[in-house]
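Here is the structure we will look at, set down as structure tokens.
Note that the structure is predicted; figures quoted are calculated from it, not measured.
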Amino acid sequence: MRWIYTLLLTLAAPFLLVGLYRKRPGKPAVGERWREHFGGTPNIDGQPIWLHAVSVGEVLAAKPVISALQQAYPDVPILVTTTTATGAEQAKRLDGIIHRYMPVDFPFAVKGFLRAVSPRVCVIMETELWPNTLHHVGRAGIPITVINARLSQKACQRYQKIAPLFQAMSKHIDLIVCQHQNDQARFASLGIADNKLAVAGSVKFDIKAVDPALGATLRQARGDRPCWIGASTHAGEDATLLAAHSILLRDYPDALLILVPRHPERFDDVAQQVASQGLSVQRRTEGEPLAISTQVYLGDTMGEMMTYLAGADVVVMAGSFLGSKVGGHNLLEPAALGKPLLTGPSYYNFQVIGDALIDAGALQVCNDSQDLAAKIGAFFNAPALAAQAGNAGLSVVEQNRGAVERTLQALAPWLNRPR
């Protein structure tokens, strides 16, 4: 079965690599490090703890885990691999780690990587499973663990359709530390043994205490203007958010929308789309003071999401207005900032967290631009209501901390084993 997969991967590789290496405005380039994708990895001494985080979101989620590992194992190198260049840019901001690009899932590339790195353990963030990688890492006698693992019903059904391949992959996995009980149940339904499964909660709840000064400059620049943010938008969503903003401007003519596209290659396109709607747009990278006439402030930078979130009064988490294509994004960062939250109908990637926030009164679901504008306007009109929702979200975060500690306890037998 694996050789069939490898053949299909070989046929698809040119198209995958074009997407990985294509130069786009605002997108970091892999540059001369492309060899790392094919096993040309510079050597690393000391048998590092290898943590794989495919891109930006996974790197951000892994930050509290990496900090905990550095404290618990100060003499052990921490290697972080990413697949994408944007993930690499985010990894560069982490102190005290080594970064390498993840090899493409060809046997020769994976084996070249393992010869250069010789890790003591492989820690995979959030169910990034590749058949050849798991096979060759397992054959090398390196323990494989998956942490902060989540498995939606949709993903579970996909794996069921390729059950023989999934079973061949999963036999090499030593431990899967799930976010929630329903994730554990879905992995069990795919044949993962109970002794390979644990539940620790989401490490994203263990976000560091937020600096009160975060976003202060942006809040000062906008003054008393009512402000909301459309965070991590995907192609096809911006129109919905811009339509909502146009509706809001009828009742709140000085309202400001902070619009932050998920992918840097879309920055220019989104700026043009805003202008085409007749709205005045100002880009963060222009470096100019925020003008009173600006109706949309485009967050066209990477690594500043928390600043943008902190600068707004109301947070709309995107990736949730495209049916089943994306499934939402991390709701916990704005919750930790005490912001009232809105989402589109499709947030299945954060179903348990989203439902907990809804039950607490911190999150509301919006179906379209009219609904979105009405609910944002309700918060603008009633600051006490916004504060109540924000405090409810912060309480949910505080009550669910501790996942990082539980995760490290589950990993301890593999992290502490003799080399």
(request) Only one of L175, V177, I147, V80 passes side chain to side chain contact (heavy atoms under 4.5 Å, CB included) with V123; say which it is. (result)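 Among L175, V177, I147, V80, the one meeting side chain to side chain contact (heavy atoms under 4.5 Å, CB included) with V123 is I147.
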
(message) By the definition side chain to side chain contact (heavy atoms under 4.5 Å, CB included), identify the one residue from N330, L331, I229 that meets it with M317.
(response)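 Option passing the side chain to side chain contact (heavy atoms under 4.5 Å, CB included) with M317: L331.
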
(message) Determine whether T217 and Q220 satisfy the following criterion, side chain to side chain contact (heavy atoms under 4.5 Å, CB included), listing intermediate values before the conclusion.
(response) CA-CA 5 Å; T217 302; Q220 183 179 10; 5.5 Å; no

Has [X] got a side-chain atom pairing as donor or acceptor with [Y]'s backbone, closer than 3.5 angstrom?
X    : Y    : answer
S346 : L322 : no
S280 : S293 : yes
R100 : T81  : no
N391 : Q388 : no
N349 : V326 : yes
R186 : L151 : yes
D206 : V404 : yes
E333 : M305 : no
E89  : G303 : no
Q179 : N148 : yes

Side-chain donor-acceptor contacts of residues 250-264 below 3.5 Å, not counting sequence neighbours, with atom names and distances?
from	atom 1	to	atom 2	distance (Å)
Y252	OH	G377	O	3.2
R262	NH1	S232	OG	3.4

(request) Go through the steps for L94 and Q70 under the test side chain to side chain contact (heavy atoms under 4.5 Å, CB included), then give the verdict. (result) CA-CA 11 Å; L94 303 177; Q70 289 172 326; over 6 Å; no

Where [X] and [Y] come nearest, the two heavy atoms and their spacing:
X    : Y    : answer
L114 : H136 : CD1-O, 3.7 Å
L214 : A310 : O-CB, 3.3 Å
C227 : G311 : SG-O, 4.0 Å
A312 : K339 : O-NZ, 2.7 Å
P103 : A109 : CB-O, 3.7 Å
R417 : I142 : NH2-CA, 4.3 Å

(message) Between S320 and T343, do the side chains contain a donor N or O and an acceptor N or O under 3.5 Å apart?
(response)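 A pair is found: one side chain offers a donor N or O, the other an acceptor, under 3.5 Å apart.
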
(message) Between N132 and T6, do the side chains contain a donor N or O and an acceptor N or O under 3.5 Å apart?
(response)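 The criterion, which ignores hydrogens and geometry beyond distance, is satisfied for N132 and T6.
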
(request) Only counting residues at least two apart or in another chain, list the ones meeting side chain to side chain donor-acceptor pair (under 3.5 Å) with E36. (result)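 Applying side chain to side chain donor-acceptor pair (under 3.5 Å) to E36 gives R33.
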
(message) Does E286, at its CD atom, have more than 12 non-hydrogen atoms belonging to other residues, nucleotides or ligands within less than 6.0 Å?
(response)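 Yes - once you tally the heavy atoms of other residues, nucleotides and ligands closer than 6.0 Å, there are more than 12.
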
(request) Count the heavy atoms of every other residue, nucleotide or ligand shown that sit under 6.0 Å from CG of D95, and state whether that count exceeds 12. (result)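 Not buried by this count: 12 neighbours or fewer within 6.0 Å.
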
Side-chain heavy atoms of [X] within contact of [Y], under 4.5 Å:
X    : Y    : result
L241 : F321 : yes
V296 : Q277 : no
I124 : W130 : no
E58  : T82  : no
Y5   : M169 : no
L279 : S246 : yes
I144 : W414 : no
T285 : F267 : no

(request) Identify whether the distance between the nearest side-chain nitrogen and carboxylate oxygen of R35 and E32 falls below 4.0 Å. (result)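 No, R35 and E32 are not salt-bridged.
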
(request) Look at E237 together with K325 and state whether they make a salt bridge at an N to O cut-off of under 4.0 Å. (result)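 Salt bridge: no.
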
What distance separates [X] [atom1] from [Y] [atom2], expressed to the nearest 0.5 Å?
X    : Y    : atom1 : atom2 : value
H37  : L16  : NE2   : CG    : 11.5 Å
R120 : L415 : CZ    : CG    : 8.5 Å
E265 : T86  : CD    : OG1   : 7.5 Å
R406 : R401 : CZ    : CZ    : 12.0 Å
W228 : I376 : CH2   : CD1   : 4.0 Å
R93  : H99  : CZ    : NE2   : 12.5 Å

(request) Identify the residue among F106, Y101, W50 that makes a ring-ring contact (aromatic ring centres under 6.0 Å, His included) with F113. (result)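 Exactly one candidate clears the test, W50.
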
(request) Please test H234 against H329 for side chain to side chain contact (heavy atoms under 4.5 Å, CB included), starting from the C-alpha separation and ending with a verdict. (result) CA-CA 11 Å; H234 291 251; H329 290 300; 2.7 Å; yes

(message) Pair L218, Y297 - check side chain to side chain contact (heavy atoms under 4.5 Å, CB included), show working.
(response) CA-CA 11 Å; L218 188 52; Y297 189 57; 3.8 Å; yes

(request) Can you label the angle between the H172 ring and the H135 ring as parallel, tilted or perpendicular, going by 30° and 60°? (result)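 Judged by the thresholds at 30° and 60°, the geometry between H172 and H135 is perpendicular.
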
(request) Take D313 and R225 through the test salt bridge (charged side-chain N to carboxylate O under 4.0 Å, His left out) and record every step on the way to the result. (result) CA-CA 10 Å; D313 299 317; R225 299 173 64 184; over 6 Å; no

